[in-house]
Every structure is written in C-alpha cells, then in structure tokens.
Amino acid sequence: MSATRKMMAQNVPSNRVINSFPQAYDAQASPYQKCNFHPKVKSACSENRTGTVGLKICKAVLVGDVAVGKTCLVNRFCHDVFDKDYKATIGVDFEVEKFSILSTPFTLQIWDTAGQERFKSIASSYYRGAHVVIVVFDLSDERSIMSISRWMADATAAADDPVKFVVGTKKDLVSSASCRAVEERAKEIALSLGAEYWSVSAKTGENIQSFSFRCVSLTFDAAVLREVETSGTPQQKIGTIKVERDRADIYESRKKKVKLNNCCKT
Ligand code: GDP
Ligand code: MG
C-alpha cells in the first residue's frame, strides 16, 4: 500500500507538490493560527500512517453572488486560463485536482455552481459533506460584501466543521487604496465568521496559487489529523487526544506569535 501511495504522489505534476506549509494572506485575518503542519501529521506522513487520506477525495465548494468571479477563480487555478466560459465548454460540474503533500497523494474536488446562485439559494446537496467552504465576493463591487455572511451561513449549515475562507476577487480592477478599504471591512466579516481572508485576481493570477495551496494544506492537515486520531488505540480515544491536539495547537500558535512579524506577513 505505501509503495502504491508513494507512486501516486510521484505522478503529481510539479506545480501540485506541497512540502512546506503555505502562509496566510494576512495572519491577523485568519482564525487558523498555524505556521506548519501539525507534528502528528508530519510524522504520520513520513511513516506512511495517513490511513485512507491518500485514497479519499475532499470536497471544496465555492459560493457567492452571481458574477463575482467564482468560475474564473476555478479556471485560473485548475487550467491556468482566464476565460469564464472555459468550464462550461469542457462541460464539468466539478474539477478534480491531485496534489502531493508531504509525499502523500491528496485529491480535492472543487465544486462551482452551475448558475443556481441566480436564485439566491443553492440545493443543500451541493454543500453536503464539504470539507472546505469558500465564499467569494468582488473587491470592485462593495454590494457583494453584504452577502458574505448569508452565503457562509447557508453553506456551513450542511457541512461538518469545514475549513472556511472569504476571498475577494478582481484585485486587478481596484486601486491599492480602495482595495485596502474594502479589505478592512471584509477581513472583519471573515473573522466574525471564523474564516480566513484572501484577495486575489483570476485575470493576473495574483495570489491564486498561494491561496489554493493554503486551502489545500489546511484541509489536508485537518483530514490527516482526524485520521490519526480516530485510528489511535482505544485508550487514546478516551478524551486524551482532544487535549493533546489543543496543546499542540497552542504550541504552534505560541511559536507563531514569536515568528509572526518575520515570517507570516505578506
Ligand atoms: P461567477 O458568476 O461568480 O462564476 O463569475 P464569473 O467567473 O463568470 O465572472 C464574472 C465576470 O467577471 C466575467 O466577465 C469575468 O471575466 C470577470 N472576472 C472574473 N474574475 C475577474 C478578475 O480577477 N479580474 C477581472 N478584471 N475580471 C474578472
Ligand atoms: Mg459561474
């Protein structure tokens, strides 16, 4: 099994290989206070103890008002093109992207709406089982900020404690001053929703890969940690794991506080 898994990881294109933990866009605008993969995740990967993670598919869903740039964001990341009709042309409902993270194969299924958001609601089957929820808004259209909370509430109601993001698109259309002003409001909203904030441009490609890698890495870290914890010995399962995990998180955030000013800023 482990040999197969290593082979799968080696077949991933070089631009989908992640070996170090990607940093947040703005560490102050993220509830995920980690600078590195969890120590248990690192050792599980190096010892090939990631259970079914390499064989499972994690699901990411994108939501947000019509025309904020969801489809362009997916197209830029998955196909490195800026063409809103690209996905419709190749006729898929979701994209599948394969990664190699710490030499472990990991697959992310990325769901983009097929226009259902026009009706301001989306079938709950779209959200079901989502490991990642990405709420997208348009940095050049302040009205789209008003919908962030509603989209997040809708999407997370049917998901099981997903990793959450708020992403402002079309960064290329706004001046730095106006971007900063909109970002300030959006970051506040993101934090109040327990989500991490990013600004990107699908047109120029700015921050698309950094955001995607961060998204995939946080999801992978959570998935492997869940796997390691649930496959522990019965004794470990009785309450102690949770405490250990919290301690490890505190340890990572303490380390981070010291490093924040040096390594976690963009
Ligand atoms: P969706 O309805 O949220 O999927 O939005 P689309 O991805 O279809 O994009 C809506 C419009 O915004 C299209 O005309 C895109 O060309 C444009 N658009 C999307 N992303 C960007 C971007 O990063 N920069 C610019 N300038 N335009 C964008
Ligand atoms: Mg679309």
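All residue numbers refer to positions in the sequence shown, counting from 1. Counting convention: from 1, in listed order, for ligands and their atoms alike. Every value quoted in this text rests on a predicted model; they were computed, and no experiment measured them.
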Any sub-3.5 Å donor-acceptor pair from S100's side-chain atoms to P105's backbone N or O? no
Find out if a path of hydrophobic residues (ILVMFWY) with successive side-chain heavy-atom gaps under 4.5 Å connects I134 to I145. yes
Applying a strict under-4.5 Å side-chain criterion to I, L, V, M, F, W and Y, I'd like to know whether M146 and I148 cluster together. no
Would you please write out the protein residues whose heavy atoms approach any atom of ligand 1 to under 4.0 angstrom, listed by chain and number? D65, V66, A67, V68, G69, K70, T71, C72, F82, K84, E117, K170, D172, L173, S201, A202, K203
Of D112, V81, D80, which meets side-chain contact (heavy atoms from CB on, under 4.5 Å) against N75? V81
Going by chain and residue number, what protein N/O/S atoms come nearer than 2.8 Å to the Mg ion (ligand 2)? T71 OG1
What residues, two or more places apart in sequence or in another chain, satisfy side-chain contact (heavy atoms from CB on, under 4.5 Å) together with S20? none
With a 3.5 Å cut-off and no angle check, do the side chains of E117 and T113 form a donor-acceptor pair? yes
Would you give the length of the straight line joining atom OG1 of T169 to atom CG of L139, rounded to the nearest 0.5 angstrom? 6.0 Å
Check: D221 side chain, F37 main-chain N or O, donor-acceptor pair, under 3.5 Å: no
According to ring-ring contact (aromatic ring centres under 6.0 Å, His included), does anything in residues 107-163 pair up with another residue at least two apart or in another chain? List the pairs. F94-W111
